[in-house]
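The structure appears below as structure tokens.
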Amino acid sequence: MKKIKILFNCILFFLLMCGINEFFRYLLIDDTNSYTRIMMHELYHQEENIDVLFLGSSHCYRSLNPQITDALFDTNTFNAGSSLQGLDGTYALLKEAGKYNDLKKVYVELYYGIPLEIFSTRNDLTAVYLISDYMRPSLNRMQLLLKAGSSEHLFNSFVLGRREWEKLFDFSYIAELNEKKRSFSYNHYTYITSSTDAYLGKGYVESSEIWGESSNYARSVNFAFNENYISEDCKKYLKKIINYCQKNNIELAFFSAPMSDFSLASFGNYDYYIQQVNEFLSEYGVPYYDFNLCKTEVLDITGNDLMDSGHLNGNGAEKFSTVFAEFFTGKLDSNIFYESFNDKLCNLDSPLIGYIMTTLDEFSDEAKAEDKYFDFENYEYVSINPVTYQSVTFEYRISKELTDSNEQLLVQEWHENNLIYYPKNETGKFYIESRVAGTDEVINVTIFSY
């Protein structure tokens, strides 16, 4: 009798703590604009069996539109992507979907920023919480949280309100949030729309933003593909995903969604990443398809199909969803792919892909040149570094937008000089036209905002 009483008290204490946790979560955590909250609700409440499941980061949920894939796969497809979804999160969602559905096919998106994660060094577990906060209580959820990072994150992981503890006495915030959470739209999981984004159902988020062709530059590159790129943590979870699918007779394939050629070429040898992924997955007989290698006659992704340099907008997602589904249903074969990313670049019409705009300081090599003078105290200096796959020299014609009008001031006629400068604390735009030295054809126009 005493043991039963102790057990009863333990259960009562556990339920009380869960209740308190949920109370502070409701009181303090603002998830009223969370796409993942709606996605997870739909994942648990699908009327039809989910036959085809897509998993991965934002490159997944912004790239595959179930309205299109449902029709072409001729079955119920579901996009369970989430922002910066790590492979541990992917595995947890796979298991969660497998509990309630007889999965036939699973496609896992492998954005290059994901497989390098070392879980113990994660400084922020927001990407994990996006998933775990809406998972039903289970051992699966607990395992995800316990292994997602170092022990210093455990309190925030299990006591959800702790993440916004500083707002506990911000009564205006609490009152405003409470009003939002009592609304019909929040309690009935109404689809969220904004000026540029729209949640369209079954995990897909469509963007109306257009990156265009006039902003193909990056301010810096602090990333490179190297040897042993895939971390041991990610290898472990890749194996878990593979084993789960093999054990449950689920057809599995990995893929990468298309991005701008510039975003990949600017990092160096993207083929090095593709090679390492293929080498690892081939050990387990699992295929990997990188749709960045698609031939342009099959999948022509331009600046108008992108919301930024790395994500598709609605136009791009429509193109990609169609090609993706046609490929995996056998209407297209592997001839749609180039052998390598370098092969694709060599088939582009222009040798200039984009620019790395590097801000100089007194330690830069250019600053040490004896024939140049720099006033770093009053001016910002930026070098224009072309991203190209050919050994060619470029010339630039540079204009600056006048701050008091829409007119442009020519600051450099065609020349190989690749430096621009402007007063510190000033904002504006440079218009940079480029051509191969010794030719007359303008091959690129970029607007550089500072």
Side-chain angles (χ1 to χ4, degrees), residues 36 39-40 42-44 46 50-61 63-64 77-122 124-150 153-154 157-158 203 229-257 276-277 280-289:
T36 310
M39 180 274 286
M40 292 293 290
E42 291 186 318
L43 178 68
Y44 285 123
Q46 284 289 290
I50 296 175
D51 299 302
V52 179
L53 180 67
F54 311 129
L55 294 162
S57 69
S58 56
H59 297 267
C60 180
Y61 76 72
S63 298
L64 290 171
T77 65
F78 192 93
N79 192 330
S82 61
S83 295
L84 289 175
Q85 185 179 114
L87 287 167
D88 53 342
T90 295
Y91 177 61
L93 283 174
L94 171 61
K95 291 176 66 179
E96 207 68 10
K99 289 180 188 177
Y100 306 99
N101 299 274
D102 180 17
L103 300 173
K104 305 295 192 305
K105 298 179 181 181
V106 169
Y107 299 98
V108 178
E109 174 263 332
L110 278 183
Y111 160 58
Y112 64 77
I114 296 301
L116 53 70
E117 280 196 302
I118 300 172
F119 300 165
S120 62
T121 63
R122 285 171 169 167
D124 186 346
L125 297 190
T126 299
V128 175
Y129 299 152
L130 284 175
I131 300 168
S132 64
D133 282 5
Y134 309 108
M135 289 174 66
R136 290 173 175 171
S138 65
L139 182 60
N140 183 29
R141 179 179 182 271
M142 183 175 293
Q143 288 176 332
L144 171 63
L145 290 172
L146 287 174
K147 299 177 181 178
S150 63
H153 296 286
L154 290 179
S157 295
F158 290 97
Y229 182 84
I230 306 173
S231 74
E232 291 303 315
D233 284 338
C234 290
K235 287 179 180 179
K236 176 181 176 181
Y237 276 89
L238 285 170
K239 292 177 187 176
K240 284 177 177 285
I241 293 167
I242 293 168
N243 290 336
Y244 181 90
C245 289
Q246 290 177 344
K247 180 181 178 181
N248 292 279
N249 298 313
I250 301 169
E251 183 179 325
L252 172 66
F254 292 84
F255 74 97
S256 288
Q276 290 188 56
V277 173
F280 179 81
L281 293 179
S282 64
E283 294 181 25
Y284 303 91
V286 179
Y288 167 67
Y289 302 96

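- With sequence neighbours left out, Q143 forms a side-chain hydrogen bond (donor to acceptor under 3.5 Å, both in side chains) with no residue at all.
- Among residues two or more places apart in sequence or in another chain, the salt bridge (charged side-chain N to carboxylate O under 4.0 Å, His left out) test is passed with K247 by none.
- With sequence neighbours excluded, no residue satisfies ring pair (Phe, Tyr, Trp, His ring centres under 6.0 Å) with Y288.
- Under the side-chain hydrogen bond (donor to acceptor under 3.5 Å, both in side chains) criterion, Y284 pairs with no residue at all, not counting sequence neighbours.
- Residues that satisfy the side-chain hydrogen bond (donor to acceptor under 3.5 Å, both in side chains) test with D124, not counting sequence neighbours, are T126.
- Listed by chain and residue number, nothing satisfies the salt bridge (charged side-chain N to carboxylate O under 4.0 Å, His left out) test with D233 (two or more places apart in sequence, or in another chain).
- Rounded to the nearest 0.5 angstrom, S138 OG and K99 NZ are separated by 3.5 Å.
- With sequence neighbours excluded, the residues satisfying ring pair (Phe, Tyr, Trp, His ring centres under 6.0 Å) with F119 are Y237.
- Side-chain contact between L144 and R141 is absent, with no heavy atoms from C-beta onward closer than 4.5 Å.
- Residues in residues 235-244 take part in these salt bridge (Lys or Arg N to Asp or Glu O under 4.0 Å) pairs, two or more places apart or across chains: E232-K235.
- Annotation: side chain of L103 is not in contact with side chain of N248 (no heavy-atom distance under 4.5 Å).
- Rounding to the nearest 0.5 Å places CD of E96 at 10.5 Å from CD1 of I131.
- Evaluation of the side chain to side chain contact (heavy atoms under 4.5 Å, CB included) rule for S120 yields I118 as partners, not counting sequence neighbours.
- The distance from atom NZ of K95 to atom CG of L139, rounded to the nearest 0.5 Å, is 6.5 Å.
- Partners of S58 by side-chain hydrogen bond (donor to acceptor under 3.5 Å, both in side chains), not counting sequence neighbours, listed by chain and number: H311.
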Show me the donor-acceptor pairs, under 3.5 Å and distance only, between side chains in residues 78-94 and residues at least two apart or in other chains.
residue : atom : partner : partner atom : Å
N79     : OD1  : G81     : N            : 3.0
N79     : ND2  : C60     : O            : 3.0
N79     : ND2  : L64     : O            : 3.0
S82     : OG   : Q85     : NE2          : 2.9
S83     : OG   : Y61     : OH           : 2.9
Q85     : OE1  : G56     : N            : 3.1
Q85     : OE1  : T90     : OG1          : 2.7
Q85     : NE2  : G56     : O            : 3.1
Q85     : NE2  : A80     : O            : 3.0
D88     : OD1  : R122    : NH2          : 3.1
D88     : OD2  : R122    : NH1          : 2.8
T90     : OG1  : G86     : O            : 3.2

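- Rounding to the nearest 0.5 Å places CG of D133 at 10.0 Å from OG1 of T36.
- Remark: F254 engages no residue in a ring pair (Phe, Tyr, Trp, His ring centres under 6.0 Å) (not counting sequence neighbours).
- Using a 4.5 Å heavy-atom cutoff, the side chains of K105 and F54 are not in contact.
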